[in-house]
Amino acid sequence: MKILGIYFSPTGGTRKVVEHVCAVLAERMSTTYRLQSYTLPTERERFVSITNDDFVVWGSPVYAGRIPNKSVEFVRQLLVGKGNRGVAVAVYGGRHYDNALAEMRDLMLQGGITPVAATAVVARHAFAPQELSPGRPNVVDMQRLSAWCHQVDFSSDTVVQVPGSTDLGYYRPLRADGQPANFLKAKPVIEVSLCNGCGICVSRCPMGSIVMESGRPQFLSTCIKCQACILSCPKQALRFLDPDFLSHILMLRSVIGD
Ligand SMILES: Cc1cc2nc3c(=O)[nH]c(=O)nc-3n(C[C@H](O)[C@H](O)[C@H](O)COP(=O)(O)O)c2cc1C
């Protein structure tokens, strides 16, 4: 058996967690691991199918208490096994993972993979990584994760029990005043005087929604608010100015401790 880590990770937190889980499980089994990302369009194009021999470590970030809505179709296409076993790892920013593990369990089962264990791990919140769960996952998080890895029963046929249900829908973000925050249509805004036209944002967008026009990025319609473009911009030329989005970050500041 080999360990196969599969993940979606626009800002790197999920990747870090999945790689750690794979390394510990591989060491335990005296085997090797490999990683496959389905974050970027190019990565999805060259995704190699799961083989019979793979024990699957699937990691996904939590968006609005579920897995990223737009990533579900990729998961359905790529997370396809033939009676493989695996584990689900939800990576969240410290508010809550709500129904994400339930959704991951269901998608694994639908894809022919038995989830024998599941866990949720805190990572810095992509909306404001210096302020919301900064530095997570930290040393203690990683130690706990290692301990969890040592409990995984590779040969179990029992589907893991997880909290939540996909019938319960998505988390609805709130503004600082407690009213619903609607930033579904928000997109990053570019400070043209700072942009040097390097195109890193174009290469980091999981939805392929940024194109270069006249040497400056233009944002097309589909934005999943993952923050990959914003956090990867070497000139800090991109930001969200949507008032509901900014107000939601204020609200998160009041509920997420360090
Ligand atoms: C659009 C969006 C929605 C999010 N929703 C939640 C949430 O409901 N609960 C939570 O605790 N963290 C939430 N987060 C934080 C992410 O789960 C966290 O930053 C995660 O590490 C991102 O994964 P990545 O670093 O692999 O991109 C959200 C982040 C984004 C970008």
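Bear in mind that the values here come from a model prediction, so they are computed numbers and not experimental data.
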| said: Test side chain to side chain contact (heavy atoms under 4.5 Å, CB included) on Ile50 and Val56; report intermediate values, then the result. | reply: CA-CA 8 Å; Ile50 297 170; Val56 177; 4.0 Å; yes

Indicate the atoms forming the closest heavy-atom contact of [X] with [Y], along with that distance.
X: Ile3; Y: Thr31; result: CG1-CG2, 4.0 Å
X: Pro41; Y: Gly208; result: CG-N, 4.0 Å
X: Leu250; Y: Ala176; result: CB-CB, 4.0 Å
X: Ala126; Y: Cys226; result: CB-O, 3.7 Å
X: Val18; Y: Gly59; result: CG2-CA, 3.5 Å
X: Cys198; Y: Asn196; result: N-OD1, 3.1 Å

Quick one: does [X]'s side chain have a donor or acceptor within less than 3.5 Å of a partner on [Y]'s backbone?
X: Gln36; Y: Val48; answer: yes
X: Thr166; Y: Glu103; answer: no
X: Asn99; Y: Tyr170; answer: no
X: Glu43; Y: Leu40; answer: yes
X: Thr114; Y: Val159; answer: no
X: Arg28; Y: Val152; answer: yes
X: Asp141; Y: Asn138; answer: yes
X: Ser254; Y: Met251; answer: yes
X: Ser232; Y: Cys201; answer: no
X: His248; Y: Leu174; answer: yes

Hydrogens and angles aside, do [X] and [Y] bring a side-chain donor and acceptor to less than 3.5 Å of each other?
X: Tyr38; Y: Arg44; result: no
X: Ser71; Y: Asn69; result: no
X: Glu19; Y: Tyr33; result: yes

Interatomic distance, [X] atom [atom1] to [Y] atom [atom2] [nearest 0.5 angstrom]:
X: Ser165; Y: Asp98; atom1: OG; atom2: CG; result: 12.0 Å
X: Thr14; Y: Ile6; atom1: OG1; atom2: CD1; result: 14.0 Å
X: His20; Y: Trp148; atom1: NE2; atom2: CH2; result: 10.5 Å
X: Asn182; Y: Asp244; atom1: CG; atom2: CG; result: 6.5 Å
X: Lys16; Y: Leu145; atom1: NZ; atom2: CG; result: 11.0 Å
X: Leu220; Y: Ser209; atom1: CG; atom2: OG; result: 5.5 Å

Are side-chain heavy atoms of [X] and [Y] found at a separation under 4.5 Å?
X: Arg15; Y: Leu35; answer: yes
X: Pro129; Y: Pro134; answer: no
X: Arg105; Y: Pro115; answer: yes
X: Gln218; Y: Met212; answer: no
X: Phe47; Y: Gln77; answer: no
X: Ser49; Y: Val80; answer: no
X: Val211; Y: Pro217; answer: no
X: Tyr7; Y: Val21; answer: no

Taking a hydrophobic cluster as the set of Ile, Leu, Val, Met, Phe, Trp and Tyr residues connected by side-chain heavy atoms closer than 4.5 Å, whether directly or through intermediates, do [X] and [Y] fall within one such cluster?
X: Met29; Y: Val116; answer: yes
X: Trp58; Y: Val87; answer: no
X: Phe183; Y: Leu132; answer: yes
X: Met108; Y: Val57; answer: no
X: Met104; Y: Ile113; answer: yes

| request: Go through the steps to decide whether Phe127 and Phe245 satisfy the test ring pair (Phe, Tyr, Trp, His ring centres under 6.0 Å), and finish with yes or no. | output: CA-CA 9 Å; Phe127 282 173; Phe245 180 80; 4.8 Å; yes

| Going through the checks in order, is the side chain to side chain contact (heavy atoms under 4.5 Å, CB included) test met by Cys233 and Leu231? | CA-CA 6 Å; Cys233 176; Leu231 299 183; over 6 Å; no

| Relative to the ring of Phe74, is the ring of Phe8 parallel (under 30°), tilted (30 to 60°) or perpendicular (over 60°)? | tilted

Does a side-chain N-to-carboxylate-O contact under 4.0 Å join [X] and [Y]?
X: Arg34; Y: Asp54; value: yes
X: Glu191; Y: Arg239; value: no
X: Asp157; Y: Arg85; value: yes

| Partners meeting side-chain hydrogen bond (donor to acceptor under 3.5 Å, both in side chains) with Asp177 (sequence neighbours left out) | Arg175

| request: Flag yes if more than 12 heavy atoms outside Glu27 fall under 6.0 Å of its CD atom; otherwise flag no. | output: no

| Do Ile67 and Leu107 pass the side chain to side chain contact (heavy atoms under 4.5 Å, CB included) test, and can you show the C-alpha distance, the side-chain angles, and the key distance before you say yes or no? | CA-CA 10 Å; Ile67 74 161; Leu107 285 165; 3.7 Å; yes

| field | Row check, Tyr171 ring normal vs Arg66 NZ/CZ: under 6.0 Å, within 45° | value | no

| side chain to side chain contact (heavy atoms under 4.5 Å, CB included) between Cys223 and Lys225, worked out | CA-CA 6 Å; Cys223 172; Lys225 318 326 163 215; 3.9 Å; yes

